[in-house]
J.: 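Take this structure first; my questions come after.
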2 protein chains.
Amino acid sequence: MDLQQNKKSENTAPCPFREAMDLISGKWTMSIINNLMTGKMRFKELERSVAGINTRMLVKELKELESKQIICREAFATVPPTVEYSLTEKGKALRPVLIEVQKWALNNPLNQDQL
Amino acid sequence: MDLQQNKKSENTAPCPFREAMDLISGKWTMSIINNLMTGKMRFKELERSVAGINTRMLVKELKELESKQIICREAFATVPPTVEYSLTEKGKALRPVLIEVQKWALNNPLNQDQL
DNA sequence: CAGTATCCGCGCTGATACTG
DNA sequence: CAGTATCAGCGCGGATACTG
């Protein structure tokens, strides 16, 4: 696979791996996806689950993930409003990635104080 | 696994998954690692392989990866100097992650123009 | 509840020049 | 070749206030 070229707005077809990495590299992306692995969640629920994130960032991330068809947004015209987020099939397909990262993280601690 | 808390300089033990993701999220990290999967490489060789990167960034990334024991740096007192970088076992252990990301990238294209 | 709007710092990143 | 040093910008991301 060609890992090269990455120019955002070029007409050259970008490398799919780099595109995937760019997505995954989002500061909150994988935490959000990981939370959604357990099922549908509401906005506030996510905001509480993804510790450290704030409203603006969560909105931004969710929009990006929705635009890339990783998650699905369902709004209900209730009072007060209800919005539910869930993973699409494409999103669920990220589970093996999550799992491998977690496996690696557990088997290969990064703490320098363990040297 | 606890995906929460991530404070850089806190005394609370951070979540290993978040730590791993923070590492992986580096803009050039996975490209470098991926290149090193094929074997030892010299500095200039890497700089050429990782398209778009510049000296400063490569140096920075390599130092970080070395400090985290992902890669190994070997310097030889030749003229001109020779430095070889290679993956440690910890680095090689990232291969399944790479593979899963690549698999996902190929099976789940992100291009909007494919909708 | 589920967002939007605005302000703002600082850190990542790139470009360029220089060194042993 | 394998880096180091310095400068500049701009965009990410946090905090806060407001809205339907």
Side-chain angles (χ1 to χ4, degrees), chain A residues 4-10 14 18 21-33 35-36 40-68 71-86, chain B residues 3-10 14 18-19 21-32 35-36 39-68 71-86:
Chain A
Q4 311 323 324
Q5 86 275 84
N6 190 32
K7 305 295 156 52
K8 286 282 180 186
S9 41
E10 293 297 324
R18 281 306 303 264
M21 280 311 305
D22 284 349
L23 172 72
I24 287 170
S25 296
K27 184 172 180 183
W28 306 104
T29 316
M30 289 311 248
S31 290
I32 292 171
I33 291 174
N35 272 289
L36 287 176
K40 247 181 242 262
M41 290 181 85
R42 300 181 60 176
F43 184 86
K44 206 67 180 183
E45 216 176 339
L46 269 172
E47 196 170 3
R48 276 187 296 261
S49 303
V50 182
I53 203 170
N54 59 25
T55 308
R56 205 182 66 89
M57 279 298 110
L58 183 54
V59 171
K60 212 184 141 207
E61 282 289 326
L62 290 174
K63 276 183 179 159
E64 193 189 335
L65 291 174
E66 194 194 358
S67 82
K68 298 198 171 151
I71 64 172
C72 171
R73 193 189 107 113
E74 286 177 290
F76 303 95
T78 55
V79 181
T82 303
V83 180
E84 289 186 337
Y85 293 91
S86 55
Chain B
L3 291 192
Q4 311 322 326
Q5 87 274 85
N6 189 32
K7 305 295 155 54
K8 286 283 181 186
S9 39
E10 293 297 323
R18 282 304 305 262
E19 279 196 307
M21 280 311 305
D22 284 350
L23 172 72
I24 288 171
S25 297
K27 184 173 178 183
W28 307 103
T29 317
M30 289 310 248
S31 289
I32 292 171
N35 272 288
L36 288 176
K40 248 181 240 260
M41 289 181 86
R42 299 182 60 174
F43 184 87
K44 206 67 178 182
E45 216 176 339
L46 269 171
E47 196 170 4
R48 276 187 296 261
S49 303
V50 182
I53 203 170
N54 59 25
T55 308
R56 208 182 64 88
M57 279 298 109
L58 184 54
V59 171
K60 214 185 141 208
E61 283 288 327
L62 290 174
K63 275 183 179 158
E64 193 189 335
L65 290 174
E66 193 193 0
S67 82
K68 298 197 171 151
I71 64 172
C72 170
R73 194 189 106 113
E74 286 177 291
F76 304 95
T78 55
V79 183
T82 304
V83 180
E84 289 186 337
Y85 292 92
S86 55

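Residue numbering restarts at 1 for every chain, and letters A, B, ... go by the order of the sequence lines. Keep in mind that what you see is a predicted model, and the values were worked out from it rather than measured.
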J.: Using whole Å, report how far NZ of Lys44(A) lies from P of dA2(C).
T.: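 The answer, rounded to whole Å, is 8 Å.
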J.: Expressed as a whole number of angstroms, how long is the span from Glu66(B):CD to dG3(D):C1'?
T.: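 Atom-to-atom, Glu66(B) to dG3(D), this comes out as 13 Å.
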J.: Is any side-chain nitrogen or oxygen of Arg42(A) closer than 4.0 Å to OP1 or OP2 of dA2(C)?
T.: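 Result: yes.
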J.: When the distance from CG of Leu46(B) to P of dC1(D) is rounded to whole Å, what number comes out?
T.: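 In whole Å, dC1(D) P and Leu46(B) CG are 13 Å from each other.
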J.: Run the salt bridge (Lys or Arg N to Asp or Glu O under 4.0 Å) check on Lys40(B) and Glu74(B) step by step: do they pass?
T.: CA-CA 10 Å; Lys40(B) 248 181 240 260; Glu74(B) 286 177 291; 2.8 Å; yes
J.: Step by step, work out the side-chain contact (heavy atoms from CB on, under 4.5 Å) result for Leu46(B) and Tyr85(B).
T.: CA-CA 9 Å; Leu46(B) 269 171; Tyr85(B) 292 92; 4.2 Å; yes
J.: To the nearest 10°, let me know how far the axis at one end of the helix from dC1(C)-dG20(D) to dG20(C)-dC1(D) is tilted from the axis at the other, five pairs an end.
T.: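 Computed from the C1' atoms at both ends, the axes differ by 50°.
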J.: Could you walk me through whether Lys68(A) and Glu64(A) pass salt bridge (Lys or Arg N to Asp or Glu O under 4.0 Å), step by step?
T.: CA-CA 6 Å; Lys68(A) 298 198 171 151; Glu64(A) 193 189 335; 3.1 Å; yes
J.: Measure from CD on Glu45(B) to C1' on dG3(D) and round the result to the nearest Å.
T.: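 Those two atoms, CD and C1', are 16 Å apart.
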J.: Let me know the distance between CG of Leu58(A) and C1' of dG3(C), rounded to the nearest Å.
T.: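 So the CG-C1' distance, Leu58(A) to dG3(C), works out to 10 Å.
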J.: Tell me the interatomic distance from Met41(A), atom CE, to dG3(C), atom P, rounded to whole angstroms.
T.: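 These atoms are roughly 14 Å apart.
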J.: Once each nucleotide of nucleotides 13-20 of chain C is scored for protein heavy atoms under 4.0 Å, what B/S/- sequence comes out, 5' to 3'?
T.: BBB----B
J.: Grab the two heavy atoms, one from Asn54(A) and one from Met57(A), that are nearest each other, plus how far apart they are.
T.: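 For Asn54(A) and Met57(A), the tightest heavy-atom pair comes out as OD1-N, 2.9 Å.
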J.: CD of Glu47(B) versus P of dC1(D): gap in Å, rounded?
T.: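 About 9 Å, once rounded to whole Å.
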J.: Side chains of Thr29(B) and Glu61(B): donor-acceptor distance under 3.5 Å anywhere?
T.: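 Indeed, the side chains of Thr29(B) and Glu61(B) share at least one donor-acceptor pair under 3.5 Å.
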J.: Is there a side-chain contact (heavy atoms from CB on, under 4.5 Å) between Leu58(A) and Trp28(A)? Walk through the geometry before answering.
T.: CA-CA 8 Å; Leu58(A) 183 54; Trp28(A) 306 104; over 6 Å; no
J.: Taking all non-hydrogen atoms of both residues, which atom of Ser49(B) and which atom of Met41(B) are closest, and how far apart?
T.: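 Answer, listing the atom of Ser49(B) first, then Met41(B): OG-CE, 3.1 Å.
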J.: Going by atom types alone, do Glu47(B) and Thr55(B) pair a side-chain donor with an acceptor below 3.5 Å?
T.: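 Result is yes, a qualifying pair exists.
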J.: Which residues satisfy the side chain to side chain donor-acceptor pair (under 3.5 Å) test with Glu45(A), sequence neighbours excluded?
T.: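 With neighbours one apart ignored, the set is empty.
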J.: Distance check: side-chain N/O of Arg73(B) vs OP1/OP2 of dG3(D), anything under 4.0 Å?
T.: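 Yes.
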J.: Compare side-chain N and O positions of Tyr85(A) against OP1 and OP2 of dG3(C) and report whether any pair is under 4.0 Å apart.
T.: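 Answer is yes, contact under 4.0 Å.
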J.: Round to the nearest Å and state the distance from Glu84(B) atom CD to dG3(D) atom C1'.
T.: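 Result: 16 Å.
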J.: Which is true for Thr82(A) with a 4.0 Å heavy-atom rule: it touches a base, it touches only sugar-phosphate, or it touches nothing?
T.: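 Touches sugar-phosphate only.
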